[in-house]
There are 2 protein chains.
Amino acid sequence: MRSYSIGELAKEFEVTPRALRFYEDKDLLHPTRNGMHRVYSYKDRGRLQLILQGKNIGFSLAEIRELLDVYNLEGPRVQMERMLERYQAQVVKLEKQRSDIDGALAQIKDHMKVIDDHLAKPSQETLRQERDRIFNSSNSAPKAAE
Amino acid sequence: MRSYSIGELAKEFEVTPRALRFYEDKDLLHPTRNGMHRVYSYKDRGRLQLILQGKNIGFSLAEIRELLDVYNLEGPRVQMERMLERYQAQVVKLEKQRSDIDGALAQIKDHMKVIDDHLAKPSQETLRQERDRIFNSSNSAPKAAE
DNA sequence: AAAATACTTGACGTTGACGTAAGGGTAAGG
DNA sequence: CCTTACCCTTACGTCAACGTCAAGTATTTT
């Protein structure tokens with residue numbers, strides 16, 4: 001359970017010290033001080049990890065701040081129920097993002113295959129298109145409406 | 001295969017006309033004109049859908065623009081191979097995001113369960129914590145290091 | 001002792017993705 | 001004929017998330 005300087009932590013997670021100070025300014029991190037120097041605990045390191053994960057998923061720092069608050073079990077019972085609702089909303093959001101990603105992946109992979117085929121073994125169709133492009137002879141019957 | 005005015009499309013996708021004009025300015029959309037008014041085709045509508053999905057997944061408009069270009073099979077063979085590489089990179093990126101989301105979902109759901117239990121049927125442990133908080137009697141043996 | 005290194009707090013600059021206000025065109029409805 | 005409803009372009013404003021100096025402090029290395 002060691003502690004970290006701002007530089008160490010920044011380097012480990014490949015962010016700048018400026019970013020860490022910014023997160024502190026935005027109330028996402030609360031390192032202690034040794035004199036005037038910031039000291040990050042192991043827990044702070046964990047929080048930073050969560051922050052960066054959150055960013056990666058596309059949350060704003062404000063949203064991440066809320067998530068961190070919830071994650072820390074702050075406040076009395078009544079607040080917790082509100083947090084549960086927020087969590088639920090986040091779950092919905094995340095699951096939508098996930099399905100969006102799945103959709104995007106499917107499309108991309110599908111399209112990659114199309115290009116791949118296109119490059120590897122040009123089909124009759126492809127050849128015909130090529131010929132059409134070269135000789136500009138667009139008099140063959142169109143298969144499907146464009 | 002109808003066409004749309006900027007307002008119709010904006011309302012359908014819950015964005016502002018300004019956003020659509022902005023996307024056009026950034027070369028993401030290319031509606032035709034009827035006089036000076038923009039006319040969006042069904043294909044344009046599809047592109048817009050892709051744009052918004054991309055945004056949702058956390059891509060910048062610049063990145064989305066590239067994806068759209070690739071998606072449109074523009075350019076000759078040599079370019080396509082470069083695009084395949086980019087696609088591959090995007091796949092990696094997306095799959096990482098997906099696993100990040102899965103991680104986040106797992107954590108959140110786990111934590112929701114903790115809170116839920118905490119609220120529903122306060123366990124012995126919870127009650128002890130409560131008592132400790134109220135009477136400030138922190139002399140019982142700590143189970144795990146915090 | 002001087003220089004390099006790592007930290008500090010301001011404070012202004014930057015980029016992306018629009019918002020918003022200003023000024024004007026056109027077509028339908030009362 | 002005037003208002004309402006959309007549409008247009010131009011241009012400045014805004015907010016998030018830092019980047020980038022500037023100017024100073026403390027420690028360590030040469």
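Each chain gets a letter, A, B and so on, in the order its sequence line appears, and its residues count up from 1.
Of the candidate nucleotides C:dC18, C:dG19, D:dC18, C:dG19 has the atom nearest to the side chain of B:Thr16. The side chain of B:Ile6 has D:dC7 as its nearest neighbour among D:dC7, D:dG19, D:dA17. Side-chain proximity of B:His37 to D:dC18, D:dC7, C:dT8: nearest is D:dC7. Of the candidates D:dA17, C:dA17, C:dT9, the closest approach to any side-chain atom of A:Leu61 belongs to D:dA17. The B:Lys55 side chain lies nearest to C:dA17 when the options are C:dT9, C:dA17, D:dA17.
Contact check, B:Arg18 against D:dT10: no side-chain N or O comes under 4.0 Å of OP1 or OP2. Note on A:Arg38: a side-chain N or O is less than 4.0 Å away from OP1 or OP2 of C:dT8. Checking the phosphate oxygens (OP1, OP2) of C:dA17, no side-chain nitrogen or oxygen of B:Tyr23 falls inside 4.0 Å. Between B:Ser5 and D:dC6 there is no side-chain polar atom (N or O) within less than 4.0 angstrom of OP1 or OP2. The phosphate of C:dA6 (OP1 or OP2) has no side-chain N or O of A:Arg21 nearer than 4.0 angstrom.
The side chain to side chain contact (heavy atoms under 4.5 Å, CB included) test with A:Arg98 is passed by exactly one of A:Leu94, A:Ile101, A:Asp102: A:Asp102. Checking each of B:Ile6, B:Ile51, B:Asp25 against B:Leu20 for a side chain to side chain contact (heavy atoms under 4.5 Å, CB included) leaves exactly one that passes, namely B:Ile6.
Scanning both residues, A:Asp44 and A:Leu29, for their nearest heavy atoms gives O-CD2, 3.8 Å.
Here A:Lys26 lies out of heavy-atom contact (under 4.0 Å) with every strand.
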